Amino acid sequence: MNQGHSDDIATAIRTRHLQTPIARVLCYGADTPASDVANALADAGFDFAPVTRDGEICGYVHRTDLVDQPGTLAAHIRPLTASRVIAGDTPLATLLPALRRAKFLFVVDGHDLVGIVSPADLNKQPGRTYFYLLVSAFELHLAERTRASFADQEKALLLLPQSRQERIRDRLATEKREDVVADIVAAMDFTDLLKIVKKTDALRGAFGDYSAAKWESEVSAPLIELRHAVMHTVRTLATDAPTSLQRLISLDERLRRLLSA
């Protein structure tokens with residue numbers, strides 16, 4: 001697959017698609033009692049909140065700084081540094097490592113602060129769509145590679161378990177009865193294609209230095225899990241844990257590398 005295809009996907013979903021608009025974020029004036037904000041954030045399950053002066057956001061506070069503290073927020077405001085802001089047009093692929101470092105970011109549009117983005121926002125539909133597009137593109141890429149490697153697609157089919165062979169033959173027969181132009185590979189699922197690559201040394205080697213075991217542990221298993229996660233909204237795609245974000249960063253990089261092979 002052309003590298004440009006994965007680049008297009010990498011820039012398709014941007015930070016502004018994921019952000020929570022600033023109007024929907026809990027903001028507090030600098031003169032608000034610190035204890036009140038600490039309790040409110042704990043009740044809402046938030047760790048931080050923007051702080052305003054004269055109607056303008058001047059910084060933010062972290063809940064842990066406010067617990068059992070007298071006085072107002074003014075003494076606990078953390079400044080808005082460059083590492084805390086990100087442009088709304090920043091691609092999701094670039095946003096991921098930025099969130100790993102900062103956990104939450106203020107989103108800017110021109111000179112205005114327009115929203116906040118955190119790892120939890122990756123669970124929104126745009127975040128899931130981004131990874132779904134990457135996995136779907138890789139599935140198409142696997143199919144193209146399989147067709148190129150097996151002039152006789154029947155030989156590829158025979159690499160699968162008997163039960164899968166029968167299901168694929170049934171699916172292909174149904175499609176032919178419905179006048180759908182399809183070949184054997186088109187009737188295969190993502191998992192079928194991954195298994196065929198795993199069992200074919202030359203095909204597997206086209207994607208990199210992968211043994212069968214390495215292909216299973218670094219490609220098949222994590223990508224199948226990712227596909228399940230993005231397709232079922234009841235499953236959590238990302239948390240603010242560094243390991244969770246690093247996993248998504250690694251999968252993003254691996255998928256785009258595989259797409260360029």
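Computed from a predicted structure; not experimentally measured. The analysis underlying the following values was restricted to heavy atoms, covering all of them including side chains, and did not include hydrogens, waters or symmetry mates. Residues take their numbers from the sequence shown, with the count starting at 1.
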Chemist: Please check if atom CG in D152 has more than 12 non-hydrogen atoms from other residues, nucleotides or ligands closer than 6.0 Å.
Modeler: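 Yes, enclosed.
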
Chemist: With sequence neighbours left out, what residues match Y132 under ring pair (Phe, Tyr, Trp, His ring centres under 6.0 Å)?
Modeler: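 Here no residue qualifies.
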
Chemist: Quick check for you: to the nearest 0.5 Å, what is the distance between D240 atom CG and S118 atom OG?
Modeler: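 Answer rounded to 0.5 Å: 8.0 Å.
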
Chemist: Can you tell me if T32 uses its side chain to pair, donor with acceptor, with the backbone of G29 under 3.5 Å?
Modeler: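 Side chain of T32 to backbone of G29: a pair is present.
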
Chemist: Does anything in residues 17-40 form a salt bridge (Lys or Arg N to Asp or Glu O under 4.0 Å)? List the pairs, not counting sequence neighbours.
Modeler: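 Residue pairs passing salt bridge (Lys or Arg N to Asp or Glu O under 4.0 Å), neighbours aside: none found.
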
Chemist: Could you state the interatomic distance from CG (L255) to OH (Y130), rounded to the nearest 0.5 Å?
Modeler: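 Spacing of CG (L255) from OH (Y130) equals 8.5 Å.
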
Chemist: Is it possible for you to say whether L26 and V61 belong to one hydrophobic cluster, with membership spreading through side-chain heavy-atom contacts below 4.5 Å?
Modeler: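 Both belong to a single hydrophobic cluster.
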
Chemist: Going by side chain to side chain donor-acceptor pair (under 3.5 Å), name the pairs with one or both residues in residues 100-114, residues two or more places apart or in two chains.
Modeler: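 Every pair satisfying side chain to side chain donor-acceptor pair (under 3.5 Å) with a residue in residues 100-114: R100-Q246.
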
Chemist: Do you know which two heavy atoms are closest between L105 and L95, and how far apart they sit?
Modeler: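 Heavy atoms of L105 and L95 come nearest at CD1-CD1, 3.9 Å.
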
Chemist: Using a 3.5 Å distance criterion without hydrogens, assess whether the side chain of T52 forms a donor-acceptor pair with backbone atoms of G55.
Modeler: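 Side chain of T52 to backbone of G55: no pair is present.
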
Chemist: How long is the span from the CG atom in L41 to the CG atom in L66, to the nearest 0.5 Å?
Modeler: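 If I round to the nearest 0.5 Å, the distance is 7.0 Å.
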
Chemist: T191: which residues meet the side chain to side chain contact (heavy atoms under 4.5 Å, CB included) condition with it, sequence neighbours left out?
Modeler: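 So T191 forms a side chain to side chain contact (heavy atoms under 4.5 Å, CB included) with D189, I224.
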
Chemist: In Å, rounded to the nearest 0.5 Å, how long is the span from CG of L226 to CZ of R235?
Modeler: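 Rounded to the nearest 0.5 Å, the CG-CZ separation comes to 10.0 Å.
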
Chemist: How long is the gap from OG1 on T146 to CD1 on I184, to the nearest 0.5 Å?
Modeler: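 Those atoms lie 12.0 Å apart.
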
Chemist: I need the minimum non-hydrogen distance between P222 and L251, along with the two atoms involved.
Modeler: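 Taking every non-hydrogen atom into account, CB-CD2, 3.8 Å.
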
Chemist: Specify the closest pair of heavy atoms between V114 and V108, including all atoms of both residues, with the distance to one decimal.
Modeler: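 Nearest pair, atom of V114 first, then V108: CG2-C, 4.3 Å.
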
Chemist: Check the surroundings of atom NZ in K155: do more than 12 heavy atoms from other residues, nucleotides or ligands lie under 6.0 Å from it?
Modeler: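 For K155, atom NZ is not crowded (no more than 12 foreign heavy atoms under 6.0 Å).
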
Chemist: Tell me the closest heavy-atom pair linking V25 and P50, and the distance in Å.
Modeler: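 Shortest heavy-atom separation between V25 and P50 comes out as CG1-CD, 3.6 Å.
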
Chemist: Donor-acceptor check, side chain of R164 to backbone of D192, threshold 3.5 angstrom: yes or no?
Modeler: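 Side chain of R164 to backbone of D192, a donor-acceptor pair under 3.5 Å: no, none is there.
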
Chemist: Can you sort out the partners of A241 under side chain to side chain contact (heavy atoms under 4.5 Å, CB included), two or more places apart, ordered by chain and number?
Modeler: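 By the side chain to side chain contact (heavy atoms under 4.5 Å, CB included) rule, A241 matches T239, T243, S244.
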
Chemist: Output the distance between atom CZ (F46) and atom CZ (R63), rounded to the nearest 0.5 Å.
Modeler: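 Going from CZ on F46 over to CZ on R63, the span is 11.5 Å.
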
Chemist: Please assess K195 against L159 for the test side chain to side chain contact (heavy atoms under 4.5 Å, CB included), listing each intermediate value before the final yes or no.
Modeler: CA-CA 8 Å; K195 287 177 182 176; L159 294 174; over 6 Å; no

Chemist: Test of understanding: with salt bridge (charged side-chain N to carboxylate O under 4.0 Å, His left out), list the residues that count as partners of R247, not counting sequence neighbours.
Modeler: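 For R247, no residue satisfies salt bridge (charged side-chain N to carboxylate O under 4.0 Å, His left out) once neighbours in sequence are set aside.
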
Chemist: Counting distance only, does the side-chain N/O of H141 pair as donor-acceptor with the main-chain N or O of A261 below 3.5 Å?
Modeler: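 The answer is yes, because a donor-acceptor pair under 3.5 Å joins these two groups.
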
Chemist: Check the pair L142 / M188 against side chain to side chain contact (heavy atoms under 4.5 Å, CB included), numbers first and verdict last.
Modeler: CA-CA 11 Å; L142 287 175; M188 294 177 178; over 6 Å; no

Chemist: Using the salt bridge (charged side-chain N to carboxylate O under 4.0 Å, His left out) criterion, which residues pair with E166? Sequence neighbours excluded.
Modeler: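 For E166 there are no salt bridge (charged side-chain N to carboxylate O under 4.0 Å, His left out) partners, ignoring immediate neighbours.
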
Chemist: Suppose we screen for side chain to side chain contact (heavy atoms under 4.5 Å, CB included). Which residues come up paired with K176, at least two apart in sequence or across chains?
Modeler: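 Expected list: L172.
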
Chemist: Under 3.5 Å, is there a donor on one side chain and an acceptor on the other for R171 and T174?
Modeler: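 Side chains of R171 and T174: no pair found under 3.5 Å.
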
Chemist: Output all residues satisfying side chain to side chain contact (heavy atoms under 4.5 Å, CB included) with D183, sequence neighbours left out; order by chain, then residue number.
Modeler: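 Partners of D183 under the side chain to side chain contact (heavy atoms under 4.5 Å, CB included) test: R147, Q153, V185, A186.
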
Chemist: Give the minimum heavy-atom separation between Y28 and L73, together with the two atoms involved.
Modeler: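 What the structure gives for the nearest pair is CB-CD1, 3.6 Å.
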
Chemist: Mark yes or no for whether D252, through its side chain, and A93, through its backbone, hold a donor-acceptor pair below 3.5 Å.
Modeler: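 Here the side-chain-to-backbone pair does not exist.
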
Chemist: How would you list all residue pairs meeting salt bridge (Lys or Arg N to Asp or Glu O under 4.0 Å) that involve residues 122-140, not counting sequence neighbours?
Modeler: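 Of all non-adjacent pairs touching residues 122-140, those that pass salt bridge (Lys or Arg N to Asp or Glu O under 4.0 Å) are D121-K124, E139-R227.
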
Chemist: Anything under 3.5 Å between a donor and an acceptor, one on a side chain of residues 76-91, the other on a protein residue two or more places apart or in another chain? List them.
Modeler:
from: R78; atom 1: NE; to: D65; atom 2: OD2; distance (Å): 2.9
from: R78; atom 1: NH2; to: D65; atom 2: OD1; distance (Å): 3.3
from: R78; atom 1: NH2; to: D65; atom 2: OD2; distance (Å): 2.7
from: T81; atom 1: OG1; to: S83; atom 2: OG; distance (Å): 3.0
from: R84; atom 1: NE; to: Y60; atom 2: OH; distance (Å): 3.1
from: R84; atom 1: NH1; to: A102; atom 2: O; distance (Å): 2.6
from: R84; atom 1: NH1; to: F104; atom 2: O; distance (Å): 2.7
from: D89; atom 1: OD1; to: R16; atom 2: NE; distance (Å): 2.8
from: T90; atom 1: OG1; to: A87; atom 2: O; distance (Å): 2.8

Chemist: Closest approach of H17 and A12, non-hydrogen atoms and distance?
Modeler: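 Scanning both residues, the minimum pair turns out to be CE1-O, 3.7 Å.
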
Chemist: Please determine whether the number of non-hydrogen atoms from other residues, nucleotides or ligands lying under 6.0 Å from atom CD of E154 exceeds 12.
Modeler: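 Buried by this count: over 12 neighbours within 6.0 Å.
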
Chemist: Assess R145 against F207: is NZ or CZ under 6.0 Å from the centre of the six-membered ring, and within 45 degrees of the ring's axis?
Modeler: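 Relative to the ring axis of F207, which defines the angle, R145 lies inside both limits.
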
Chemist: Count I, L, V, M, F, W, Y as connected when their side-chain heavy atoms are under 4.5 Å apart, and connections chain through other members. Are L113 and F48 then in the same cluster?
Modeler: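 Yes; F48 is reachable from L113 via cluster members.
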
Chemist: For residues 197-209, which residue pairs pass the side chain to side chain donor-acceptor pair (under 3.5 Å) check, not counting sequence neighbours?
Modeler: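 Output for this query lists K198-E216, D201-R204.
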
